[in-house]
Amino acid sequence: MQQDLSSTNPIGIFDSGVGGLTVANAICQLLPHENTIYFGDTIHLPYGDKSSEAVKNYAIRITEFLLEKKCKMVVVACNTASAAAFELLKKQFGNKILLVDVIDPMVNYVQEHFAKNKIGIIATKGTIASKVYESKLANVGVDDVQSLATPLLVHLIEEGFSQHTGSQLLVQEYLRSKELRKIDVLVLACTHYPILKNTIEEFYHHEVKVLDSTEITALAVKEKLQSQNLLNPSGNGKHEFYVSDFTKAFEDIAQLFYGKQIHLERMNIWKE
Ligand code: DGL
């Protein structure tokens with residue numbers, strides 16, 4: 001399997017929008033020699049409100065696109081797509097390409113460090129409805145888990161409103177919900193939410209441990225590449241960014257993350 005993959009081939013990373021950039025950024029920090037190709041499916045955003053069938057179709061087409069771009073690995077930098085489509089992607093592409101999602105690395109991390117704690121999960125409607133965190137955590141013996149869908153946060157972040165006082169009020173409203181009472185740990189189970197991590201930590205006066213999947217996923221990427229001898233040993237890392245529909249927020253936030261001007265290419269892989 002995966003015989004013709006080469007270490008210099010890029011890592012493909014995708015999400016519905018800017019959220020996956022939080023993961024892409026962590027991968028580039030940890031693995032500066034790696035080339036990356038990012039795909040933000042802004043035309044179909046938000047994934048969290050779509051049916052699981054629709055999200056599966058998007059995930060398959062994007063993975064095909066990243067394969068055409070000769071990626072050695074695809075990182076599903078989206079919880080909603082990981083919940084709906086990761087098993088399918090493994091079946092369909094697992095013999096051609098390495099695959100990493102954002103859920104399994106988080107489940108392993110929680111099991112390792114917080115197995116005896118009360119865990120809260122916030123995510124999109126799609127991720128919460130799938131109950132994927134509850135079931136994967138229960139499989140590894142972590143049972144005290146409460147979850148809450150917080151779908152409006154994605155819209156605020158995509159609109160560039162994350163620092164607005166309105167966003168802070170909405171975060172407070174969500175975090176006061178009965179589902180999240182008395183938790184010790186809060187998992188940000190949507191890759192958009194790290195952008196609100198400071199606001200969330202401040203709400204809890206830093207007394208609740210807030211986990212996001214950025215570094216945790218980047219480490220899983222490193223381990224998987226290492227285990228297959230596919231880490232890129234040298235080079236400065238070239239980064240390409242594609243979106244299925246251009247949004248100003250995407251460009252602004254992408255530039256903020258990378259600290260430099262980036263070239264953003266519109267690529268509608270669903271046309272014709
Ligand atoms: N960032 C995504 C996630 O981790 C999806 C947000 C959305 O498109 O609804 O779930």
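Order of appearance sets the numbers: ligands from 1, and atoms from 1 within every ligand. Just so it is clear, the model here is predicted, and its values are computed rather than measured.
Contact between Cys190 and Ala123 at its shortest, heavy atoms only, is CB-CA, 4.4 Å.
Close approach of ligand 1 to Ser16 is summarised as follows: ligand atoms under 4.0 Å from at least one heavy atom of the residue are 5 (C), 6 (C), 7 (C), 8 (O). Near Asp15, meaning under 4.0 Å from any of its heavy atoms, are these atoms of ligand 1: 1 (N), 2 (C), 5 (C). Close contacts between ligand 1 and Gly48 involve ligand atoms 7 (C), 8 (O), 9 (O) [criterion: under 4.0 Å to a heavy atom]. Within ligand 1, the atoms closer than 4.0 Å to a non-hydrogen atom of His192 are 1 (N), 2 (C), 6 (C), numbered from 1 in the order shown. Taking every non-hydrogen atom of Thr124 and a distance limit under 4.0 Å, the qualifying atoms of ligand 1 come out as 6 (C), 9 (O), 10 (O).
A salt bridge between Glu68 and Arg61 is present, with a side-chain N of the basic residue lying under 4.0 Å from a carboxylate O of the acidic one. Using a 4.0 Å cut-off between charged side-chain N and carboxylate O, Glu34 and Lys72 make a salt bridge.
The protein heavy-atom contact nearest to atom 3 (C) of ligand 1 is Asn79 N, 3.3 Å. Nearest non-hydrogen protein atom to atom 7 (C) of ligand 1 is Tyr47 N, 3.3 Å.
When heavy-atom distances to ligand 1 are checked against a 4.0 Å cut-off, Thr80 comes that close through both its backbone and its side chain. For Val154, every heavy-atom contact with ligand 1 shorter than 4.0 Å involves the side chain, none the backbone.
Counting heavy atoms of neighbouring residues, nucleotides and ligands inside a 6.0 Å radius, atom CZ of Phe203 exceeds 12 of them. Few gaps surround NZ on Lys118; more than 12 heavy atoms of other groups in view lie less than 6.0 Å from it.
Side chains of Tyr242 and Lys69: a donor on one and an acceptor on the other come within 3.5 Å.
In this structure, Gly17 falls outside the shell of residues with a heavy atom less than 4.0 angstrom from ligand 1.
With values rounded to the nearest 0.5 angstrom, His239 atom NE2 is found 11.5 Å from Leu21 atom CG.
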